[in-house]
Amino acid sequence: MRQLRQREMDLLVLCPIRVGDGLTTRFWQDRWVGDQPLIDAFPWVFALDIFQQVTVGEQVQIEWNLDLLCRRPRGEAEQVQWETFMVQMSEVLLVGRRDRLGWLGDASDCFSVASACKWLDSRFLFVGGRITRWNSWIPIKLNLLLWRIRNGILPSRERLSVHGIMVNKSTGPFDALLCVGQFFPDASERLEELTEYIEGRKNIPLPTYFIGDYGAGAAKVLSAAAKESSNQGFKMDGLKIRDNLFWLKGSGKFTLHGLSVAYLSEISDSTGCDSTISEIVSEIKPRYHVAGSKGVYYAREPYINDNAVHVTRFIGLAPVGNPSKQKFIHAISPTPSSTMSTTDISTKPPNTTLSPYTQEPEKRSSESLSDSQYWRYDVSKRQKTKSGDQSDKLCFKFISSGSCTRGETCHFRHDMEAREQSMRGVCFEFLNKGKCERGQDCTFKHSLQEKGDGRTNSNSNSRSKECWFCLSSPNVESHLITSVAENYYCALAKGPLVQDHVLILPIEHLPNTLTSPPECEIELVKFQKSLKDYFKKNGKEVVFFEFVYIKTTHANLQVIPVPFSRASAVQDIFSLAAEKLGFKFTVIKGEKGNDGRKMLRSEFNERSSLFYVELPNGTILSHTVEENEKFPVQFGREVLAGLLNMADRADWRSCKLSKDEEIQMVERFKNGFQEYDPNQ
């Protein structure tokens with residue numbers, strides 16, 4: 001589409017939306033009435049509209065009136081645009097059929113791939129030129145080879161490099177190119193094309209890393225590079241051959257654009273089975289494993305790793321220009337795991353298989369079967385079982401979530417008693433193996449817990465040493481803290497949605513704020529009241545929300561200020577967002593300001609996840625999240641980002657500031673909040 005637009009041809013202009021029931025057409029963003037989207041035709045009305053992310057069908061069902069705007073139109077220009085908009089909306093009529101794409105390329109007005117191809121062919125196919133003559137005396141393959149040579153489309157190394165540049169410009173830009181398999185040609189006659197790049201007569205368009213350090217000319221080029229002074233020492237990120245060309249010598253690991261890249265350059269035996277590589281892969285558990293020494297393309301189904309939540313994808317690439325035309329290039333766009341949520345990194349595709357490096361479980365002997373009365377978590381007896389017996393191992397998926405998609409076909413054990421122990425804070429490794437190799441560094445319990453021994457009553461061993469929010473943790477970002485009380489403290493958020501985005505956090509390592517002791521709750525309410533007073537002085541109301549996730553390690557109550565003009569729309573936009581996800585909020589409203597929170601605390605079930613939001617008028621909207629429900633972790637922030645027209649700031653990771661900027665932000669907030677701070 002981008003290349004067509006460069007030629008001043010836009011297929012989307014030829015594909016107007018023909019609205020039927022309006023359920024798949026975006027009201028403001030799509031071009032469905034008139035010759036431009038409504039967001040461009042009526043920008044002021046869009047800015048005033050509360051519901052900006054709805055479909056045509058949803059919007060038309062709403063009776064348009066001024067109450068649907070965050071404020072009434074001001075000035076003559078806004079009033080005229082509003083009246084014109086209302087006239088145009090009065091002419092909209094929906095019919096009982098699905099929305100579809102029209103097609104202005106022919107009289108059918110019905111888009112199809114065939115009609116689009118026919119339209120493009122009529123404008124791009126070349127007619128005329130030199131005539132191709134086929135010689136019937138020689139094989140057809142030779143005719144085709146000669147024709148490709150004559151037209152300059154033979155996949156030589158030079159032509160492929162040009163193709164790579166075009167791919168980088170059209171599909172990319174890419175950050176790097178990693179070459180696996182043999183990098184240098186087999187014969188010296190084919191070395192000339194590569195030499196032009198190595199000697200700098202041709203430019204390499206993007207950083208390129210290679211490991212296949214063998215073939216014609218390899219010894220001469222690489223020995224010269226190794227002698228360069230800039231390549232001396234321990235360089236795991238590659239020896240520089242020339243600009244944008246790096247040799248990954250031997251084996252190592254380095255960081256590339258936030259990703260950990262491990263490499264190994266060696267030729268395996270003729271069978272293709274290398275136990276060393278198998279051991280390395282099963283140990284490091286990469287998210288992607290790419291190889292290129294077997295001369296074929298192969299993309300294996302993703303497989304799970306032992307003791308890891310992510311899956312591994314194996315990709316084998318064929319040589320460039322291989323005669324069977326197998327795939328030799330593969331593009332990926334991985335997100336660094338350090339910036340991914342737990343839900344995203346643990347997602348498993350439907351075709352995920354077991355690890356190919358895990359041995360099949362041995363059948364249990366009759367002796368072990370007869371001994372079925374011992375307590376399964378008796379450490380001394382578990383250590384007597386065979387170490388290779390996988391059939392008695394616990395299913396991590398079931399223990400952590402309470403369900404397993406493989407059901408009865410799962411090779412591991414689904415044990416409710418083990419799950420209950422895990423929910424009480426007992427280490428999975430301890431339950432599964434009878435011991436934990438992390439020892440004192442483990443943040444979970446290494447003894448069986450009676451009913452009622454939850455994580456909230458655990459000793460200091462259960463406090464996460466790597467928790468971002470524990471004041472006792474070396475990883476706490478203390479420069480963001482604005483006020484500290486006896487049980488709670490306030491801090492500005494990292495990657496804030498708005499300038500004064502505040503977090504109220506317990507000093508102790510508690511999983512939520514709803515089960516805290518009464519004296520802690522009193523302190524939290526004081527923080528809430530002082531923040532309300534502070535923001536009210538600045539012309540803003542406050543929205544509080546918390547996602548109580550059963551796997552959350554440290555509670556955090558989010559505090560987002562919103563302008564007075566948007567405060568009345570908070571409940572509507574949260575209700576609309578909930579409807580889109582297929583649920584309705586439970587409304588809790590007390591007679592006094594904090595009665596709603598008291599009622600929520602009395603009804604809260606610690607075994608369930610919960611999302612709740614406290615509105616500026618004290619009303620609380622709550623939703624109990626089921627175990628298998630796909631609930632967005634950033635739901636509260638995403639909804640408020642839409643309310644404040646800040647959709648680009650819905651993800652905190654895209655809003656990070658430098659430490660100096662964070663320090664300035666904290667100082668500015670503390671100066672304004674000082675007179676309201678209950679701890680001053």
Side-chain angles (χ1 to χ4, degrees), residues 1-47 49-64 68 81-129 132 153 163 166-167 169-172 299 325 327 330-331 333 349-351 576-577 579-582 630 642 647:
M1 295 296 292
R2 188 184 304 155
Q3 292 180 354
L4 288 175
R5 291 194 187 100
Q6 291 175 353
R7 300 192 183 194
E8 299 183 353
M9 295 182 183
D10 192 350
L11 282 182
L12 295 180
V13 176
L14 300 174
C15 302
I17 298 176
R18 306 304 188 194
V19 176
D21 54 18
L23 296 180
T24 59
T25 302
R26 297 178 299 174
F27 182 82
W28 286 106
Q29 291 80 8
D30 290 334
R31 182 170 58 89
W32 62 276
V33 58
D35 56 357
Q36 59 180 331
L38 292 179
I39 190 175
D40 297 328
F42 303 100
W44 285 334
V45 179
F46 172 78
D49 187 15
I50 296 175
F51 307 108
Q52 297 180 342
Q53 304 295 329
V54 296
T55 63
V56 175
E58 294 169 338
Q59 191 73 293
V60 170
Q61 291 177 7
I62 304 173
E63 184 178 351
W64 274 96
L68 296 177
Q81 193 172 107
W82 167 253
E83 293 174 355
T84 306
F85 173 79
M86 290 298 295
V87 170
Q88 187 162 349
M89 288 302 100
S90 66
E91 300 173 354
V92 175
L93 180 64
L94 302 183
V95 296
R97 58 174 174 78
R98 293 183 177 180
D99 302 344
R100 66 176 180 86
L101 287 178
W103 177 243
L104 304 180
D106 55 35
S108 67
D109 193 37
C110 184
F111 174 81
S112 66
V113 176
S115 62
C117 290
K118 184 177 180 181
W119 185 85
L120 291 172
D121 288 347
S122 65
R123 284 156 176 78
F124 288 113
L125 284 185
F126 178 72
V127 179
T132 300
I153 58 175
H163 175 71
M166 293 175 64
V167 169
K169 288 182 178 179
S170 61
T171 312
K325 299 181 181 179
K327 187 175 180 180
H330 186 84
S333 181
N351 61 335
L576 180 62
E579 185 178 344
K580 286 183 174 294
L581 289 179
K630 294 183 178 179

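Only a predicted model underlies this, so the values are computations on that prediction, with no experimental measurement involved.
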Any pair counted as salt bridge (charged side-chain N to carboxylate O under 4.0 Å, His left out), so long as it reaches residues 11-29, sequence neighbours left out: Arg18-Asp109, Arg26-Asp30

In the structure I gave you, are the side-chain heavy atoms of Trp28 and Val56 within less than 4.5 Å of one another anywhere? no

What pairs with Thr84 under side-chain contact (heavy atoms from CB on, under 4.5 Å), at least two apart in sequence or on another chain? Phe42, Val80

Partner set under ring-ring contact (aromatic ring centres under 6.0 Å, His included) for Trp32, not counting sequence neighbours: Phe27

Can you list everything that forms a side-chain contact (heavy atoms from CB on, under 4.5 Å) with Val33? Sequence neighbours excluded, please. Leu38, Gln88

Report yes if the side chains of Trp103 and Ser115 come closer than 4.5 Å at any heavy-atom pair, otherwise no. yes

Determine whether a donor-acceptor pair (N or O, by modelled atom type, separation under 3.5 Å) exists between the side chain of Gln29 and the backbone of Ile39. no

Looking only at atom types and distance, does a side-chain atom of Asp99 sit under 3.5 Å from a main-chain N or O of Gly20, one as donor and one as acceptor? yes

How long is the gap from CD on Glu58 to CG on Leu23, to the nearest 0.5 Å? 7.5 Å

Kindly write out the residues that satisfy side-chain contact (heavy atoms from CB on, under 4.5 Å) with Ala577, not counting sequence neighbours, or none if the list is empty. Phe635, Val639

Within a 6.0 Å radius of atom NZ on Lys580, are there more than 12 heavy atoms belonging to other residues, nucleotides or ligands? yes

Using side-chain contact (heavy atoms from CB on, under 4.5 Å) as the criterion, list what pairs up with Leu101, not counting sequence neighbours. Cys15, Ile17, Phe111

